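Everything quoted here is computed from the prediction, not taken from an experiment. Residue numbers begin at 1 in each chain, while the letters A, B, ... track the order of the sequences.
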There are 2 protein chains.
Amino acid sequence: MLGTVQKVGEVLELFTREHPEWGVSEVAKALGIPKSSAHALLATLVQIGFLKRTREGRYRLGWRILALSQVLLSTSSWRMEARRAMEELVARFGETTHLAVLECGRVVYVEKLEGTRAVRVVNTGVGVELPAHCSAVGKVLLAFRPWEEVERIMAERGMPAFTPNTITTLDELRTELQAVRERGYAYDIEEVVPELCCVAAPIRDHTGEVVAALSLSVPFYRFQQLKEEYRRSVLEATRQVSERLGYMGEEAWTRSRWRS
Amino acid sequence: MLGTVQKVGEVLELFTREHPEWGVSEVAKALGIPKSSAHALLATLVQIGFLKRTREGRYRLGWRILALSQVLLSTSSWRMEARRAMEELVARFGETTHLAVLECGRVVYVEKLEGTRAVRVVNTGVGVELPAHCSAVGKVLLAFRPWEEVERIMAERGMPAFTPNTITTLDELRTELQAVRERGYAYDIEEVVPELCCVAAPIRDHTGEVVAALSLSVPFYRFQQLKEEYRRSVLEATRQVSERLGYMGEEAWTRSRWRS
DNA sequence: CCATGCGTTCGCCTATACGGAACAGACTGT
DNA sequence: ACAGTCTGTTCCGTATAGGCGAACGCATGG
């Protein structure tokens, strides 16, 4: 709708971990707009605190972003509920757990609890974005979205292969998501990072909508032995959290759907 | 400059911990703009992932914010350096330490390390915004800014009293900041929260500019005994971090300034 | 059953942001 | 020392994009 605001989104999209600092000309080239337009845009973003000018006249993300993210994290009801279940999982297995959401085609970790074992998964943190087509949480979140949306997201973000196990075609993805939807959980067996496996299951709110996915991340060699137990525990945890959020359970939910 | 982008800043400012959810009409009233304009603005912000629509048609902050904050946190060089010094402080005293910056008149925690003692300061987290005119970090950060900027910030944000000790007038603040600038550190003796004291000192980068403030937060009853030692340790820590960032030290810096 | 609130849509009109060109300063390699 | 080429910044006319008010559909509730 509002073109100028969309530009804001595009500009901020440029600032990544790999390229955290940009100049006016660079931004202008990247977005295909005149330097003067880019200049006005960046200057205004500095004014509202989203960007910060370095002394050399270049631009970085501003700390205002942090303040906003704090408001976000402290006002999400289901995040607190999920945290309790995650603590129990960590206490039981000593493995790292994650909570993730899907928004605007991005899968983002919104909570993490690191495991307690000497060898554990540590490559992640709150706010980290990860691929939707191969991570366990990503597949869970996609599975409960309309297929057209999934197609659109894949068209936008692509399906890069990270390991030989990564799904890279839409056909494979469709059958995988179908399976995830029926089973109610998803695996990631070395599809994103070698030696790393995950199980994930959906968390639903009182309306039955999938609002987040909870996962357990385990090194490959340990995952093999206890795969079934990990799966059961994650499913149990997500069932508990969903119930606390007012979800009535699969049967009750489908029943009430029939009635309406 | 760009009016539309400024509106974005104003809108996002509305979403606070106390009032995290807004409707179109509410936003329109709060900003003094027509409903239709507010609608267009909110709809676009949803599109770029900064806001999220609830099922009831209201609006909340979107998870895109989190992804951006992650980029921000993982690309700040001096934050890593400061963290090491903070770890040493925690190891020594077992008290909570904070790292804060000033941007757009806001003081925001960008790093926190919780203490290890049974009774410790825990009321805070990364991204939390706090008052500039009474917190120790706030006073340090203000002290090294031009007085006109300080006046502007106070006019914008006000000087509310949180305890009987809070500074509430510009005159008091000016003399306090003058003292902080000369001493090179600031105290907060129950000025923000009763029973809570802090010492803070500035971190400078290679150009001599104050980029952040580091503080130690201690319960009042313990602070009394070791006040001097806390102060010395914080000053030592910030001196180390500043040096690692290429700061030449007060004397060298003023000397090089004379030459130019 | 009307009154009042909500979020949303439509289209006119003008304010506004776009974009080309020109400017000032910092490097760089002759 | 000096042209050449990068920066970031300023200016200003024009056309387009966004602000605005009115009308819409839908709840809710007295």
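- Side chain of A:L2, nearest nucleotide from D:dG19, C:dC18, D:dT9: D:dG19.
- The interatomic distance linking B:L31 (CG) with D:dG19 (P) rounds to 11 Å, in whole Å.
- Atom CD1 of A:I33 is separated from atom C1' of D:dG8 by 14 Å (rounded to the nearest Å).
- At a cut-off of 3.5 angstrom, the base of D:dG18 holds no donor-acceptor pair with the side chain of A:T4.
- For the pair A:S37 and C:dG19, the criterion of a side-chain N or O lying under 4.0 Å from OP1 or OP2 is met.
- Using a 4.0 Å heavy-atom criterion, one finds that B:S25 contacts the sugar-phosphate atoms exclusively.
- Atom-to-atom, NZ of B:K7 to C1' of C:dT16 comes out at 11 Å; the value is rounded to the nearest Å.
- Mapping A:V5 and A:H39 onto DNA chain D via the closest heavy atom, the residue that lands nearer the 5' end is A:H39.
- Mapping A:K35 and A:G32 onto DNA chain C via the closest heavy atom, the residue that lands nearer the 5' end is A:G32.
- When rounded to the nearest whole Å, the span between OH of A:Y59 and P of D:dT7 equals 14 Å.
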**Asked** Between A:V101 and A:V107, does a side chain to side chain contact (heavy atoms under 4.5 Å, CB included) hold up when you go through it step by step?
**Response** CA-CA 6 Å; A:V101 297; A:V107 175; over 6 Å; no
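- With A:R157 contributing its side chain and A:H133 its backbone, the two residues share no donor-acceptor pair below 3.5 Å.
- At least one test fails for A:R239 against the ring of A:Y247: distance under 6.0 Å to the centre or angle within 45° of the axis.
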**Request:** Report the C-alpha distance between A:R181 and A:F144 in whole Å, list the side-chain angles of each, state the deciding distance to 0.1 Å, and finish with yes or no for side chain to side chain contact (heavy atoms under 4.5 Å, CB included).
**Result:** CA-CA 7 Å; A:R181 208 175 308 123; A:F144 295 95; 3.7 Å; yes
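- Rounding to whole angstrom units, CZ of residue A:R55 and P of C:dA26 are separated by 16 Å.
- At whole-Å resolution of the value, CG in A:L42 and P in C:dC18 are 12 Å apart.
- One atom, CD of B:Q6, and another, C1' of D:dG19, lie 15 Å apart when rounded to the nearest Å.
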**Item:** B:L14 vs B:H19, side chain to side chain contact (heavy atoms under 4.5 Å, CB included): CA-CA, chis, key distance, verdict
**Value:** CA-CA 8 Å; B:L14 297 174; B:H19 195 159; over 6 Å; no
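- The B:S36 side chain lies nearest to C:dT9 when the options are D:dG8, C:dG19, C:dT9.
- Distance A:W22 CH2 to D:dT7 P: 13 Å, rounded to the nearest Å.
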